[in-house]
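Report on the structure given below.
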There are 2 protein chains.
Amino acid sequence: MAQMTRSTDLDGLIALGTARARSRRQSLTPLRTQVLAVLAAQSRPLGAYDIQRALSASKHMSPISIYRSLEFLMEIGLVHRLATQSAYVLLKRPPAENETLLCLVCRSCGEVDEVSSPAVGQTLGSTLAAASFTPASRLMEVEGDCSDCRRRMSLSHPG
Amino acid sequence: MAQMTRSTDLDGLIALGTARARSRRQSLTPLRTQVLAVLAAQSRPLGAYDIQRALSASKHMSPISIYRSLEFLMEIGLVHRLATQSAYVLLKRPPAENETLLCLVCRSCGEVDEVSSPAVGQTLGSTLAAASFTPASRLMEVEGDCSDCRRRMSLSHPG
DNA sequence: ACATGTTATGTTATAGTGTAACACATGATT
DNA sequence: AATCATGTGTTACACTATAACATAACATGT
Ligand SMILES: [Zn+2]
Ligand SMILES: [Zn+2]
Ligand SMILES: [Zn+2]
Ligand SMILES: [Zn+2]
């Protein structure tokens with residue numbers, strides 16, 4: 001079930017993207033919509049070249065076009081780059097203002113879980129303020145092992 | 001003063017690295033020591049190819065050798081890879097067990113500040129536990145703007 | 001209509017980051 | 001000596017990302 005598509009959400013996602021683009025005097029063009037659709041069809045992060053391959057059947061796009069679309073989708077807050085994976089994920093919820101999100105990336109299966117954490121947001125805010133450091137975003141990445149994969153590992157290495 | 005070297009620490013660092021290597025039945029070889037020394041001489045993160053250039057005067061090293069040395073130095077806990085920068089930094093303090101460290105990376109000047117935060121460690125621990133997620137490390141990266149750079153920006157864009 | 005500015009895409013080439021694969025050397029263990 | 005694990009050399013390659021420049025498409029004011 002990890003491979004399920006999320007086409008149900010796509011219309012709403014496009015509406016949201018269109019609105020956010022308009023408010024910046026930009027637009028969610030067909031090209032950008034196609035990249036968004038590819039990301040929305042996967043529950044896992046995709047590399048830019050994965051997206052290119054996914055689109056190559058319907059349309060040729062050079063790497064730079066993919067990257068430009070991704071940059072735009074990140075600017076309007078729908079997509080996030082996972083630095084530890086060099087990959088891009090659709091954010092499941094529209095990120096609220098001042099909300100601290102944790103992206104839990106499983107090293108083993110690659111699944112990404114997004115967790116909102118006011119408690120971490122509070123302590124992190126204090127810590128950063130004490131260091132006079134202003135974060136560029138309230139989204140943080142944590143690599144590790146998800147519960148499913150931990151269970152699988154303990155089955156194959158019983159101790 | 002940001003460019004100051006830290007050669008004073010180098011001997012102790014080498015001793016620490018040697019001890020940690022030995023406990024793994026490995027060793028801090030000359031090659032690895034050279035990479036460590038280059039990182040110790042800078043207060044900023046360096047890319048693998050920056051390290052290669054730094055060493056090219058004294059010795060030719062292929063990229064793969066640099067990466068292998070970096071991997072080793074990360075395994076013994078002396079060096080950390082900053083995913084958002086694709087760069088490597090010497091950890092200033094020996095990371096204690098179960099200590100949560102924040103790497104505050106300035107987008108503007110590139111400086112990295114390491115901050116230990118028990119409070120964040122506590123809330124993060126609870127949040128991850130609630131999500132049944134086991135983190136691979138207790139080191140997190142936060143991109144943003146340091147106080148110096150914020151001051152500079154406000155001077156050039158008074159408002 | 002025309003000029004002007006901005007947004008968006010096309011095209012080509014190139015830079016930057018990281019590994020695979022295999023051979024070889026070195027040192028410890030038995 | 002035979003064996004095994006560790007460490008390095010060498011070559012070639014894969015993957016990720018951007019520079020630079022041209023063109024198109026669209027809005028806006030005159
Ligand atoms: Zn994320
Ligand atoms: Zn998993
Ligand atoms: Zn770090
Ligand atoms: Zn700074």
Side-chain angles (χ1 to χ4, degrees), chain A residues 14 17-36 38-39 44-56 58-76 79-89 105 107 110 141 143, chain B residues 17-36 38-39 44-56 58-76 79-89 107 110 141 143:
Chain A
I14 290 175
T18 302
R20 291 197 177 175
R22 278 192 72 86
S23 75
R24 301 171 139 258
R25 296 178 197 175
Q26 294 176 302
S27 70
L28 188 66
T29 62
L31 219 58
R32 290 163 174 175
T33 305
Q34 288 173 49
V35 172
L36 183 62
V38 169
L39 283 173
R44 310 233 292 219
L46 294 177
Y49 287 79
D50 294 330
I51 297 171
Q52 185 188 36
R53 275 186 287 276
L55 289 175
S56 64
S58 61
K59 165 155 196 162
H60 168 74
M61 277 177 82
S62 67
I64 184 73
S65 289
I66 306 282
Y67 282 106
R68 289 198 278 223
S69 291
L70 287 170
E71 184 183 19
F72 172 81
L73 293 171
M74 288 190 285
E75 279 168 1
I76 65 173
V79 167
H80 178 68
R81 176 172 188 266
L82 291 173
T84 58
Q85 318 296 117
S86 294
Y88 302 83
V89 281
V105 185
R107 289 183 293 183
E141 218 167 310
E143 265 190 310
Chain B
T18 302
R20 292 198 178 175
R22 277 192 73 87
S23 76
R24 306 169 63 103
R25 296 175 197 176
Q26 294 177 302
S27 70
L28 188 66
T29 63
L31 220 58
R32 292 162 173 174
T33 304
Q34 288 173 49
V35 171
L36 182 62
V38 169
L39 283 172
R44 311 233 292 217
L46 293 178
Y49 288 79
D50 293 331
I51 297 171
Q52 187 188 34
R53 274 186 288 276
L55 289 175
S56 64
S58 61
K59 165 156 196 160
H60 168 75
M61 278 177 82
S62 67
I64 184 72
S65 289
I66 305 283
Y67 282 106
R68 290 198 278 222
S69 291
L70 286 171
E71 184 183 18
F72 171 81
L73 294 171
M74 288 190 286
E75 280 168 0
I76 65 173
V79 167
H80 177 67
R81 176 174 188 265
L82 292 172
T84 58
Q85 318 297 117
S86 294
Y88 303 82
V89 279
R107 292 183 292 184
E141 217 168 310
E143 263 190 312

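Note that this is a predicted model, so its numbers are computed, not measured.
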Contact between Phe72(B) and Leu28(B) at the side-chain level, heavy atoms closer than 4.5 Å - yes or no? yes

Check whether any side-chain heavy atom of Arg81(A) lies under 4.5 Å from a side-chain heavy atom of Ser86(A), and answer yes or no. yes

Between [atom2] on [N] and [atom1] on [X], what's the gap in Å once rounded to a whole number?
{"X": "Arg25(B)", "N": "dA5(D)", "atom1": "CZ", "atom2": "P", "result": "11 Å"}
{"X": "Met61(A)", "N": "dT12(C)", "atom1": "CE", "atom2": "P", "result": "16 Å"}
{"X": "Gln52(B)", "N": "dA15(C)", "atom1": "CD", "atom2": "C1'", "result": "14 Å"}
{"X": "Gln26(B)", "N": "dC4(D)", "atom1": "CD", "atom2": "C1'", "result": "15 Å"}
{"X": "Ile76(B)", "N": "dT6(D)", "atom1": "CD1", "atom2": "P", "result": "15 Å"}
{"X": "Leu28(B)", "N": "dT8(D)", "atom1": "CG", "atom2": "C1'", "result": "15 Å"}
{"X": "Arg24(B)", "N": "dT6(D)", "atom1": "CZ", "atom2": "P", "result": "10 Å"}
{"X": "Ile66(B)", "N": "dG16(C)", "atom1": "CD1", "atom2": "P", "result": "16 Å"}

With no hydrogens and no angle check, is any side-chain donor or acceptor of [X] less than 3.5 Å from a backbone partner on [Y]?
{"X": "Glu143(B)", "Y": "Arg107(B)", "answer": "no"}
{"X": "Glu141(B)", "Y": "Ala83(B)", "answer": "yes"}
{"X": "Arg20(B)", "Y": "Leu73(B)", "answer": "no"}

Indicate, with a heavy-atom threshold strictly under 4.0 Å, whether Ser62(B) touches base, sugar-phosphate, or nothing.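 Base contact.
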
Look for any protein N or O under 3.5 Å of an N or O in nucleotides 17-23 of chain C and output each such pair with its distance, or none.
{"from": "dG18(C)", "atom 1": "OP1", "to": "Arg81(B)", "atom 2": "NE", "distance (Å)": "3.1"}
{"from": "dG18(C)", "atom 1": "OP1", "to": "Arg81(B)", "atom 2": "NH2", "distance (Å)": "2.3"}
{"from": "dG18(C)", "atom 1": "OP2", "to": "Tyr67(B)", "atom 2": "OH", "distance (Å)": "3.1"}
{"from": "dG18(C)", "atom 1": "OP2", "to": "Tyr88(B)", "atom 2": "OH", "distance (Å)": "3.3"}
{"from": "dG18(C)", "atom 1": "N7", "to": "Tyr49(B)", "atom 2": "OH", "distance (Å)": "2.9"}

Reported CG-to-CG distance for the pair Leu70(B) and Leu36(B), which is rounded to 0.5 angstrom: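 Spacing of CG (Leu70(B)) from CG (Leu36(B)) equals 10.0 Å.
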
